[in-house]
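To keep things clear, I will list the structure first and then write my remarks on it.
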Amino acid sequence: MTAHIEGLHHVTVISGAAQENLDFYSKALGQRFVKKTVNFDDPSTYHLYYGDEAGTPGTVMTSFPWAGVPKGSVGAGQVSITQYAVPKGSLGFWVARLPEHGARLIAEEEVFGEARVVFEDPHGLILALVEADDARTPWLADGISADEAVRGFHGVTLALHEAAPTVAILTDVFEYHEEGRQPLGSGEVIRYRAGHGESAGIVDVHLDPSMPAGRDGAGTVHHVAFRVADRVAQMEIQQRLTAAGHQVTAQIDRDYFWAIYSRTPGGILFEVATAEPGFDVDEPLESLGAELKLPRQHEAKRAKIEATLAPLEI
Ligand code: ZN
């Protein structure tokens, strides 16, 4: 095989009000706001992106904010925890900081030998900060030093009633390998790691047949995207998914990357996204996120779209 999945690209979530989402991810968690655009399929709503300085794949959290959208519930068939990497020794800082910004702490625990704090963001999305050795250069926001700053994603946890059909994609198509297992409640967690790439390479499968099914809504993950270098690699992954019997979309231009999507047997929507062209394709690196960027197909309706969207204070 010549095309490789190199870890995560981004995680896209459904959130509540846009301003609250922006404040939490840029100020409380200290990610850089790298793109203000609209949902390409529904340009009356925002699509907001957060990451490191450049929005490097593996650091990118994105949200579809819908003020007043009913709250979802996290359960089987969803990404249940989105995990960020933070430096060793920084959890005390975060445990003190997060509740001051509207987060609710759920647990301080150790999983696969890694200390982590699990919490809900202000709209109920479950996140974990995991202490890890991670060489990535962090974006530094006000009040957060390099000794504490988020490095990007560590990985995701997938909640499943049945592991094998979804795990087959991870191992046989994406080249992840199993690294360990540990019991969790009435089920277990199985850790997989990307066979290629060096960051955001973890996928934990939380297997529990008795877990309630999740329901989409505010505070849930819409989809998780894995990264490939370019469109050639993406096409090879698309062919491998098809050959394994899965439905996959055509390659779709998302302006900042190319995307393919496949609904996995366990119900979770997987995307495979390219590292190219990146977020500086339509504005300079220095001023990422400063202006509302619209895809070509919606540019003619800019005045109408801007009138619909609530202004954001960065
Ligand atoms: Zn996506």
Side-chain angles (χ1 to χ4, degrees), residues 5-15 18 21 25 31 33-43 45-52 54-66 69 72 77-84 125 127 152-153 155-158 166 169-170 173-174 194 197 199-200 203 214 216-231 233-235 237-238 241 246-264 266-279 281-282 288-289 293-295 297-298:
I5 297 285
E6 299 170 352
L8 300 183
H9 186 288
H10 63 269
V11 174
T12 294
V13 309
I14 302 168
S15 79
N21 179 260
Y25 287 89
Q31 291 195 279
F33 182 40
V34 294
K35 193 62 66 182
K36 175 164 66 168
T37 184
V38 293
N39 183 336
F40 287 14
D41 303 317
D42 174 12
T45 61
Y46 279 119
H47 192 180
L48 307 179
Y49 288 77
Y50 312 96
D52 67 357
T56 307
T59 72
V60 181
M61 169 64 92
T62 100
S63 74
F64 294 133
W66 282 306
V69 73
Q78 291 178 332
V79 173
S80 55
I81 307 177
T82 301
Q83 310 169 15
Y84 286 96
L125 186 80
L127 303 169
F153 291 128
V156 286
T157 303
L158 313 180
T166 301
I169 295 175
L170 281 178
V173 181
F174 289 3
S199 58
V203 173
D216 288 348
T220 63
V221 172
H222 186 270
H223 64 267
V224 55
F226 296 82
R227 69 181 185 271
V228 287
D230 54 31
R231 293 179 69 193
Q234 186 180 52
M235 191 170 287
I237 300 290
Q238 182 192 45
L241 283 166
H246 302 286
Q247 298 277 339
V248 195
T249 68
Q251 291 174 306
I252 299 170
D253 184 358
R254 294 303 189 191
D255 280 15
Y256 312 108
F257 47 85
W258 287 79
I260 58 172
Y261 302 87
S262 182
R263 181 73 64 181
T264 58
I268 300 170
L269 183 61
F270 277 5
E271 175 183 342
V272 175
T274 59
E276 56 177 16
F279 291 96
V281 72
D282 62 357
L288 289 183
K293 291 299 179 184
L294 297 177
Q297 63 268 34
H298 297 316

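Each ligand, and each atom within it, is numbered from 1 in the order the structure gives.
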Are V34 and Y50 packed together at the side-chain level, in the sense that at least one heavy-atom pair is separated by less than 4.5 angstrom?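 Of all side-chain heavy-atom pairs linking Y50 with V34, none is under 4.5 Å.
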
Any side-chain donor paired with an acceptor under 3.5 Å for T12 and H223?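 Yes, because at least one side-chain N or O of T12 sits under 3.5 Å from a partner of the opposite role on H223.
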
Report yes or no: do S199 and R227 form a side-chain donor-acceptor pair below 3.5 Å?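 S199 vs R227: donor-acceptor pair found between side chains.
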
Parallel, tilted or perpendicular for F64 and H222, by the 30°/60° rule? perpendicular

Parallel under 30°, tilted from 30 to 60°, perpendicular over 60°: which one fits the rings of F279 and F257?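 F279 and F257: perpendicular rings.
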
Run the numbers on D41 and R254 for salt bridge (Lys or Arg N to Asp or Glu O under 4.0 Å), then give the verdict. CA-CA 11 Å; D41 303 317; R254 294 303 189 191; 3.6 Å; yes

Report the protein N/O/S neighbours of the Zn ion (ligand 1) that fall below 2.8 Å; do not count waters.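 Near the Zn ion (ligand 1), the protein supplies H10 NE2, H223 NE2, E271 OE1.
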
